[in-house]
Every structure is written in C-alpha cells, then in structure tokens.
There are 2 protein chains.
Amino acid sequence: MPWEKTFDLDEATDKAIQVFWKKGYEGTSMADLIDGMQINKGSLYNAFGSKQELFDRALLRYDQKTRATFVADLSQWEDPVAAINAFFERLLDEAQSGPESLGCFIINTAQDLPNQTPEVVNIVRASLSELEEFFETMIARGHDSGRISADVQARPTAQALLSMVVGLRLLSRGAVDPSTLTSIKDSAMRLVTSS
Amino acid sequence: MPWEKTFDLDEATDKAIQVFWKKGYEGTSMADLIDGMQINKGSLYNAFGSKQELFDRALLRYDQKTRATFVADLSQWEDPVAAINAFFERLLDEAQSGPESLGCFIINTAQDLPNQTPEVVNIVRASLSELEEFFETMIARGHDSGRISADVQARPTAQALLSMVVGLRLLSRGAVDPSTLTSIKDSAMRLVTSS
DNA sequence: GACTATTTATACCGTTCGGTACAAACCGCA
DNA sequence: TGCGGTTTGTACCGAACGGTATAAATAGTC
C-alpha cells in the first residue's frame, strides 16, 4: 500500500475558503483557486471533483470551523448576556482586523441564494437557523436566571439579532466606517437588555 | 436631422435592472441582458457602451427610482414614527409579493463591494448614507415633537435601523420564512419607540 | 426620393471559462 | 529495485465570455 496523500485536504480547503469568501462562487475562477490553493489543476480535480463540490465543502467547513464551534463554546457560558455580547464583539474584531474585512462567508452566500444549488441553500439555511436558535436559547436562559426581562420575547428578539448580525456583517465589507458597526452592536445589546 | 431614437433608454435600463438585480454583475452575461432587455446586441453597445457602464446606469437609476423618491415622500409626512414604519412596511410588502423576492439591488451590490469599481462603491455608499440620514432626521424630528423619547439617540439608532434594513433585505432572498421578516420589522420599530 | 442615423441579424474576434488527457517525475512501501 | 498511486506541467477540449464588424433593412426629415 503506497503513498496515500501528500497535501492535506483540509488545509487546501481552508485556502479555497479564502478565495470563495472574497469573490463568491461566480466571481471565482478555477485559475483563482489554483493560485490561492497552490495546488495543481490535476490534483484539485482529483481531490475535490469539481468547482461546485469544492465550494460546498468549503462552505460547510467554514461554518463548522467558525460559527458552529464558537456558538457551542458560548452556549456553555454562565451569563447569557455576556455570551451574546461576546458574539457581537467578535464580529467587530473581525471587521477591524486587517485592511479589508470579508464579512461572513455564509452571509455572503445567503445574499446569492436564488442562484445557488439546493445543497448550498440547505447549508446556509441551517447555519442561520442554528444561529437564531443560539440567540433564542440564550434569551430564554436569561429569563430563567432573571438577567433578561420577561418583556424581551425570546423568538422575535432572536430573529432581530440575526438580522443585525447579517446587517453588521454585510456592512463591514467596506460599506460603512467602523464606528457605525459599533453602534449596531450597541443597539443589538439594547434589544436584549432593555426594560 | 433624421430619426433620433426608437426604443426608450430608460425602459431598456429598467429591464437591465431586473437582470442585474437578480443575478449580480458577475452572474449576468451579455446574453442574459439581450434576452431580458429584448434589444439587439449592436443597439445595446451603441446605446450603453459596455456592460460596466450599463450596470452603473442601472444601479443609479434603481436607487433614484425606488429609495430616493420613496424617502423623499416619507420625509414630508407629519408623523416621523409612521414614516419609519411605512418604510419597513414596504420592505415587507416587496418581500411577500411575487414568488421570489430579490431583496434590494443596492444592498445586493453592497455585499460585493470589495470586487466593485470605485464608481459603484460611491453609488452604494451614498445610497446607504442617505438612508441612514433619513432615519436620523426622522428620529430628531420625533424628539422635537415629543413622539420619540430623548433616550433614543438619533445617530446610533439610525445606524441600527440601517443594519436591520440590510438584514431584512438580505434575508428576504429566500433565507428565512416571511414571519421572521415581520419580527425583524417589529423589533426595529421597538428600537425607535422604546422607553 | 435622397439623406442620415438606428435597428437588426449574423458572423466573427481573442480570451477565458470549467474540465479532461497524459506523460514524466515523485514517493512510500514491499 | 520494482510496483502503484500522486503530483505536476502542459497541452488540449468545446463552450461561453465581452466586445466588434458589417451589411441589409428601417424610419423620420429635407
């Protein structure tokens, strides 16, 4: 049994994520991917099959590596308000680190849902739905512990927070200045902690 | 001086808007445009110059025909809270009319800002900025008339509303069900009318 | 009817698209 | 050392890309 692999599939996928993240599916050419992944064309097709399969894999891996693990961590925090705050704080950090922010790969893709395959639609919907569920769970937990007013309805507020995440992420792609993003985060927290 | 025009430039631009709106710049081919505009290739290049020039023109016209005129109308309303409410109500209407919603052409383009030309960046930033300004003016007016609590800061709240518009518009492209969009609108209004 | 400019249809340009083919170099294990 | 799958480079495929050229048809003004 000879030599089974040389380059790491996950590492290569991570590089593909960067390319798709910035340029989107349509805007990315195979030449872009070969450049970014530093892999030969033959190896790419041998390992991933097609551009679409690579995109699906990249999108899924991005979601698991970032959103899923982070939300799972935060879910174990004792203070749900602090957990929600930490989530938004991270969005601000990402938006302000480096010269240009890429926003969120999932949300970028969500914008293009009408032109995406059913597989991609499922991945995006599931990711957004789990994020909303995280917010809802945190708010409900805040009700129980008394940290969040019962006037703050769990589900509607969770949906509003989702929309502010989406807005913040999209606007962080060069549409507004950083101070606006901070305002958005503050208002989001006000939705949770008000009266 | 003979025959100056046959087809209407603005009408043709309106049809181009529909195509770009749905598919984005990269996702739209000249064949798509010729199909959608029902115009010959020669006429298209003679009238508009290039794909990029047509896109710029379409984006600008869309912004003026929809956002700009609507906001100008609402600005003359007596009740600023009602004006903000009407703005969000219209987003819900658009999201629920027809089989699939396209969201907002400007916001779709904003998502792709890092890959757009400086001209497009300017159009998008100006449009979003004017929308934020509309919200800020309405809130300030609400302060004066006593309809909005002084605790609701004009600028930060306007920025939060902007982000909820963005979130609502993006999510209306098939990412969530309509009831979620209604929740988002309700929470946005709560930001304005709270305490 | 002559003039002028647009519209239309079609053919064509070079380039890039996603994807394939293949031989040579490579590597780990037997 | 030889076998077997991997990687690499390159050449190539048909199709689609944005854009141009052109000639005949068309329509309004003089």
Side-chain angles (χ1 to χ4, degrees), chain A residues 1-60 105 108-109 112 114-120, chain B residues 1-60 109 112 114-120:
Chain A
M1 219 169 294
W3 183 27
E4 279 291 321
K5 266 284 128 59
T6 284
F7 72 93
D8 185 52
L9 267 193
D10 286 339
E11 261 179 46
T13 306
D14 285 339
K15 291 176 186 165
I17 287 173
Q18 293 297 322
V19 182
F20 280 130
W21 191 356
K22 172 162 189 195
K23 304 195 167 191
Y25 183 80
E26 282 288 347
T28 299
S29 71
M30 293 309 292
D32 292 331
L33 290 168
I34 289 159
D35 268 18
M37 298 170 75
Q38 306 196 63
I39 257 187
N40 190 272
K41 202 168 195 173
S43 305
L44 201 164
Y45 275 95
N46 176 48
F48 297 101
S50 69
K51 184 188 177 187
Q52 183 67 56
E53 290 174 75
L54 174 57
F55 183 80
D56 293 0
R57 189 194 197 95
L59 190 64
L60 202 56
F105 186 15
N108 293 350
T109 307
D112 202 33
N115 309 308
Q116 297 287 352
T117 66
E119 288 78 18
V120 170
Chain B
M1 216 167 292
W3 182 25
E4 278 291 321
K5 263 287 126 57
T6 283
F7 73 92
D8 185 52
L9 267 194
D10 286 339
E11 261 180 47
T13 307
D14 284 339
K15 291 176 186 166
I17 287 174
Q18 293 297 321
V19 182
F20 281 130
W21 191 355
K22 172 164 189 192
K23 303 195 167 189
Y25 183 81
E26 282 288 347
T28 299
S29 69
M30 292 310 292
D32 292 331
L33 290 168
I34 289 160
D35 268 19
M37 297 171 76
Q38 306 196 65
I39 255 187
N40 190 271
K41 201 169 196 172
S43 305
L44 201 163
Y45 275 94
N46 176 50
F48 297 101
S50 69
K51 184 187 176 185
Q52 183 68 55
E53 290 173 74
L54 174 57
F55 183 80
D56 293 1
R57 187 194 197 96
L59 190 63
L60 201 55
T109 307
D112 202 33
N115 309 309
Q116 297 286 351
T117 65
E119 287 79 18
V120 170

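Reminder, nothing fancy here: chain letters follow the sequence lines and each chain counts from 1. Because the structure is predicted, anything quoted here is derived from the model rather than measured. Note: hydrogens, waters and symmetry copies are ignored here, and every other heavy atom, side chains too, is used.
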- Item | salt bridge (charged side-chain N to carboxylate O under 4.0 Å, His left out) partners for Asp14(A), two or more places apart | Arg61(A), Lys65(A)
- Item | Residues that Lys51(A) engages under salt bridge (charged side-chain N to carboxylate O under 4.0 Å, His left out), provided they are two or more places apart | none
- Within residues 22-39 of chain B or reaching into it, pairs that qualify as salt bridge (Lys or Arg N to Asp or Glu O under 4.0 Å) - sequence neighbours excluded: Lys22(B)-Glu100(B), Lys23(B)-Asp32(B)
- Mind checking whether Phe55(B) and Phe48(B) have ring centres under 6.0 Å apart? no
- Query: Is there a side-chain contact (heavy atoms from CB on, under 4.5 Å) between Leu44(A) and Leu54(A) once you walk through the steps?
  - Reply: CA-CA 9 Å; Leu44(A) 201 164; Leu54(A) 174 57; 4.0 Å; yes
- Task: Apply side-chain contact (heavy atoms from CB on, under 4.5 Å) to the pair Val19(B) and Lys15(B), showing each step before the final yes or no.
- Result: CA-CA 7 Å; Val19(B) 182; Lys15(B) 291 176 186 166; 6.0 Å; no
Atom [atom1] of [X] to atom [atom2] of [N]: distance rounded to whole Å?
X: Leu44(A); N: dG9(D); atom1: CG; atom2: P; answer: 13 Å
X: Asn46(A); N: dT6(D); atom1: CG; atom2: C1'; answer: 8 Å
X: Tyr45(A); N: dT7(D); atom1: OH; atom2: P; answer: 16 Å

- Task: Name every residue in residues 50-59 of chain B that has at least one heavy atom under 4.0 Å from any atom of DNA chain D, in order of residue number, or write none if there are no such residues.
- Result: Ser50(B), Lys51(B)
- Message: Let's see if you can work this out: which of dT7(D), dG18(C), dT7(C) has an atom nearest to the side-chain heavy atoms of Ser43(B)?
- Response: dT7(C)
- Return no unless some side-chain N or O of Asn40(B) is found under 4.0 Å from OP1 or OP2 of dA9(C). yes
- Task: Look at the side chain of Lys41(A) against the base of dG9(D) and say whether a donor-acceptor pair falls under 3.5 Å; ignore hydrogens and angles.
- Result: no
- Criterion side-chain contact (heavy atoms from CB on, under 4.5 Å) on Met37(B) and Thr13(B), from CA distance to verdict: CA-CA 8 Å; Met37(B) 297 171 76; Thr13(B) 307; 6.0 Å; no
- Task: Tell me, please, which residues at least two apart from Tyr45(B) pass side-chain hydrogen bond (donor to acceptor under 3.5 Å, both in side chains).
- Result: none
- Could you list by number each residue of residues 23-39 of chain A showing a heavy-atom separation from DNA chain C of less than 4.0 Å, or answer none if no residue does? Thr28(A), Ser29(A), Met30(A)
